[in-house]
Amino acid sequence: MKRGVVISLHFGYWVLYLLLLSLILVCLQLGSPIKGQPFFYQWRFHVFFSTFAILPAFLGFYSFYFLLFDLFLMRRKIVLLFVVGLLTATGCGLISEAVMSVLYSFKVGPGVFHEGLRTTLSLLVIITIIAVLNGAVALIMRGFMRWYAELKLKEELMQKNFDMELALVKSQLSPHFLFNTLNNIDVLIVKNAPQASAYLNQLSDIMRFMLYETKAEEIPLSRELGYLEKYVALQKIRTSNPDFARFRVEGVVGEATIAPMVLIPFVENAFKHADARKQGNVIDVLVQVFPETIVFECVNKRRLQPSTTEYGGLGNELIKRRLSLLYPNRHQLAIVSSEEDYRVRLQISRHEA
């Protein structure tokens, strides 16, 4: 939510709160048996009323808004929220009464504390209730803002995912990729028909994966890795060097999940910018699965005259934007480019902080 809208909501709330207090004062004046000048014309009353109804409301509202919402409500610690909220509201009441006492020592404001302990405690209870009520409104307002922000983020993410899906389909299912792979399989049919059939099935699996399984928000990590393995295998058909590219997975994949086609742009970029295919260890792709994180590393040796196309036409900014939407504050992306090689390291936290 935009900052101007948030400020307007806060300003509007306090205007309504002051109007409500003014209405209560008018009703009290009309119902008072003592006639004459309204008591809210007296400056001592304004001092008392500010410390009694406005100061605790302000303290309670923003302590709940900035502290208790993030510490307890967002973490669904309702019992602690209730207990700490009550203690916080009581603290607001004590602060307000302390301010009243200080003002009275300077002969500003009424001396309510000299009317006995019972009166002081009763006043504290009322002030605490005022702080609690304003705190509850603060939680509702902050919750609404959070819900609205998440709703807008989901809409933006859906649009970005749609754009990414179209871009990926156009990039990966391009005629260049398909024709090269089919030509390589066609040549292989004469030499090794069973192997050619296996590669054709892999190509079919890749097309099926990109067309149907990428619509989900998250998929099993095992499917993503299976797709990458088949993609690397098809790319390796174009070279007779078995050590041209390596794809490795370390750790227990288990039930880990990931957003579809997050890793493939980096692998595709590696093959597009790789050095001569007669060399060994030109491309090295490593995926490490830890209990809390998934680490992806891709290194490729550069051509002497690298292409200017990045990530199959997707671009760094689009990929970074998608990662920010999918894994806000849960990923670290490092890209290091040198004359010899191009290194990408992506770390994704498997759980929200």
Side-chain angles (χ1 to χ4, degrees), residues 1-74 78 81-104 106 108-113 115-116 118-149:
M1 189 172 290
K2 295 183 179 179
R3 185 177 181 181
V5 177
V6 174
I7 294 176
S8 299
L9 287 175
H10 284 254
F11 180 78
Y13 171 74
W14 290 115
V15 169
L16 292 176
Y17 182 72
L18 293 176
L19 288 176
L20 177 62
L21 293 180
S22 301
L23 180 61
I24 293 175
L25 291 179
V26 171
C27 293
L28 290 175
Q29 179 64 35
L30 294 177
S32 175
I34 302 177
K35 305 300 181 181
Q37 187 181 31
F39 52 78
F40 49 82
Y41 281 177
Q42 304 174 11
W43 66 274
R44 285 179 175 270
F45 176 79
H46 285 288
V47 173
F48 167 75
F49 193 73
S50 298
T51 53
F52 172 77
I54 298 178
L55 179 60
F58 186 86
L59 294 176
F61 184 94
Y62 287 106
S63 60
F64 278 64
Y65 185 90
F66 288 112
L67 297 178
L68 302 190
F69 182 87
D70 292 327
L71 292 177
F72 301 107
L73 188 58
M74 281 299 297
I78 306 302
L81 173 64
F82 179 80
V83 174
V84 177
L86 186 60
L87 293 176
T88 302
T90 304
C92 295
L94 292 174
I95 292 175
S96 299
E97 288 195 340
V99 173
M100 290 182 187
S101 178
V102 171
L103 292 176
Y104 178 72
F106 289 96
V108 179
V112 294
F113 299 101
E115 298 181 8
R118 184 175 180 179
T119 302
T120 302
L121 292 177
S122 300
L123 188 63
L124 177 61
V125 171
I126 297 174
I127 294 177
T128 301
I129 293 175
I130 293 174
V132 168
L133 293 177
N134 282 272
V137 174
L139 293 179
I140 295 173
M141 182 182 295
R142 183 73 184 278
F144 169 77
M145 294 178 183
R146 179 83 179 190
W147 169 81
Y148 183 81

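We count residues from 1, following the sequence as given.
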Subject >> Derivation and outcome, side chain to side chain contact (heavy atoms under 4.5 Å, CB included), residues Ile54 and Ser50 >> reply: CA-CA 5 Å; Ile54 298 178; Ser50 298; 4.3 Å; yes
Subject >> Residue pair Met145, Val5: steps toward the side chain to side chain contact (heavy atoms under 4.5 Å, CB included) verdict >> reply: CA-CA 10 Å; Met145 294 178 183; Val5 177; over 6 Å; no
**OP:** Mind running ring-ring contact (aromatic ring centres under 6.0 Å, His included) on Phe61 and Tyr17 for me, showing each step along the way?
**Re:** CA-CA 12 Å; Phe61 184 94; Tyr17 182 72; 9.3 Å; no
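For the atom pair CD1 (Ile140) and CG (Leu73), the distance works out to 10.5 Å, reported to the nearest 0.5 Å. Going from atom CG of Leu18 over to atom OG of Ser22 covers 6.5 Å, rounded to the nearest 0.5 Å. Distance check: Thr90 OG1 to Ile129 CD1 gives 10.0 Å after rounding to the nearest 0.5 Å. How far OG1 of Thr128 is from CG of Leu94: 7.0 Å, rounded to the nearest 0.5 Å. The distance from the CG atom of Leu81 to the OG1 atom of Thr88 is 9.0 Å, given to the nearest 0.5 Å. Atom CG of Asn134 and atom CH2 of Trp14 lie 5.0 Å apart (nearest 0.5 Å).
For Tyr65, the side-chain hydrogen bond (donor to acceptor under 3.5 Å, both in side chains) partners at least two apart in sequence or on another chain are His10. Judged as a side chain to side chain contact (heavy atoms under 4.5 Å, CB included), and not counting sequence neighbours, Leu67 has no contacts.
In this structure, the side chain of Ser8 engages the main chain of Gly4 through a donor-acceptor pair within 3.5 Å.
Residues Thr120 and Glu97 approach most closely at O-OE2, 2.9 Å, considering heavy atoms. Of all heavy-atom pairs between Met141 and Leu9, the closest is CE-O, 4.1 Å.
Using a 30° and 60° split on the angle between ring planes, Tyr62 and Phe66 fall in the parallel class, below 30°.
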